[in-house]
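Keep in mind that this is a model prediction, so the values were computed, not measured.
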Amino acid sequence: DLERLIAKAGGRRVMLFSHHQLYSQLDDQGPNLADRLGSLLHDKSIHFWYWGHEHRCVLYDAHPSFNLAARCIGHGGMPQRRGKEKKAPVDAQKGDAVWRKLAAKPGVAPSGVILDGRNAYIKGEEDTFSPHGYVTLQFSGKKLHESYFLPDGTLVREVDF
């Protein structure tokens, strides 16, 4: 089981990849996973978690109880209609890529930033769908470097841990 596997990590940081999200600013799910992994989350045994259920790119701030870096990186293929996030305040912008700040939803999800802007790959509906893209992870000893790209290879954000 996962608890036994994580116990074998010793002093190493643990990274999870899953389809479903632990929590979300814009969709439902989380409580089922949070309940099942409660002790691992509250003991801060999981350090990074990447999921893709939603077809968005959201970089969550550290969770106040779990101290976990969580990422929704489901923006690689299926188009996602832009919703209320398109009205959130701008955090940063590079070309057509706009990062918008999402306020925390206490008891639901921490604050974060979401990739927004035009999607040039959906002809005739460029402003209807959020951008596609991908992320690369680079490991160097205890360091982790995230690079976020648009499909054409344009680098739109970097994060170091």
Side-chain angles (χ1 to χ4, degrees), residues 13-34 37 41 46-161:
R13 295 188 292 177
V14 173
M15 179 179 289
L16 288 183
F17 293 87
S18 66
H19 173 81
H20 283 106
Q21 66 269 37
L22 176 60
Y23 41 74
S24 175
Q25 283 276 358
L26 304 162
D27 201 358
D28 294 323
Q29 172 62 30
N32 297 331
L33 284 174
L37 299 175
L41 294 170
I46 302 168
H47 301 88
F48 306 96
W49 192 332
Y50 297 86
W51 59 75
H53 179 70
E54 299 172 68
H55 302 282
R56 300 177 170 96
C57 180
V58 184
L59 285 58
Y60 288 99
D61 294 331
H63 189 281
S65 298
F66 311 149
N67 197 32
L68 156 77
R71 308 293 194 233
C72 174
I73 53 171
H75 64 305
M78 247 343 237
Q80 175 69 52
R81 285 191 181 277
R82 293 170 69 212
K84 61 184 177 184
E85 69 271 12
K86 66 185 171 188
K87 295 181 181 178
V90 173
D91 176 71
Q93 184 166 359
K94 184 171 184 178
D96 284 343
V98 179
W99 290 93
R100 296 188 179 279
K101 187 71 178 156
L102 298 174
K105 288 185 170 181
V108 176
S111 59
V113 292
I114 185 169
L115 178 61
D116 189 34
R118 304 184 83 234
N119 187 326
Y121 298 95
I122 312 293
K123 299 298 180 197
E125 296 192 67
E126 293 85 350
D127 294 317
T128 303
F129 296 94
S130 60
H132 284 108
Y134 61 97
V135 61
T136 62
L137 304 177
Q138 294 174 304
F139 303 91
S140 178
K142 292 186 177 188
K143 295 180 182 180
L144 169 62
H145 180 81
E146 300 174 330
S147 299
Y148 292 85
F149 298 91
L150 296 179
D152 66 1
T154 301
L155 178 66
V156 294
R157 196 169 191 114
E158 295 179 283
V159 180
D160 287 305
F161 293 100

My understanding is that only residues two or more places apart in sequence, or in another chain, count here; which of them pass side chain to side chain donor-acceptor pair (under 3.5 Å) with S65? none

With sequence neighbours excluded, tell me which residues meet side-chain contact (heavy atoms from CB on, under 4.5 Å) with F149. Y134, T136, S147, L155

Give me each pair satisfying ring-ring contact (aromatic ring centres under 6.0 Å, His included) with a member in residues 80-132, each pair once, sequence neighbours excluded. none

Hey, could you give me the CG/CG distance between L59 and L102, rounded to the nearest 0.5 Å? 10.5 Å

Which residue pairs pass the side-chain hydrogen bond (donor to acceptor under 3.5 Å, both in side chains) test when at least one of the two sits in residues 72-81, sequence neighbours left out? none

Test ring-ring contact (aromatic ring centres under 6.0 Å, His included) applied to H55 - qualifying residues, sequence neighbours left out: none

Closest non-hydrogen contact found for L41 with A34 is CD1-CA, 3.8 Å

Sequence neighbours excluded, the answer for ring-ring contact (aromatic ring centres under 6.0 Å, His included) partners of Y60 is Y23

To the nearest 0.5 angstrom, please state how far the CD atom of E54 sits from the SG atom of C72. 4.5 Å

For L144, enumerate each residue passing the side-chain contact (heavy atoms from CB on, under 4.5 Å) test, keeping only those at least two apart in sequence or located in another chain. M15, F48, Y50, L137, F139, F161

Any salt bridge (Lys or Arg N to Asp or Glu O under 4.0 Å) involving residues 125-134? Give me the pairs, sequence neighbours left out, ordered by first then second residue. R118-D127

Name all pairs fulfilling the salt bridge (Lys or Arg N to Asp or Glu O under 4.0 Å) condition that reach into residues 65-77, sequence neighbours left out, sorted by first residue then second. R71-E146

Please, which pairs that meet salt bridge (Lys or Arg N to Asp or Glu O under 4.0 Å) have at least one residue in residues 91-100, sequence neighbours excluded? D91-R157, R100-D116

In chain order, what residues pass the side chain to side chain donor-acceptor pair (under 3.5 Å) check against T128, with sequence neighbours excluded? none

V108: what forms a side-chain contact (heavy atoms from CB on, under 4.5 Å) with it, not counting sequence neighbours? K105

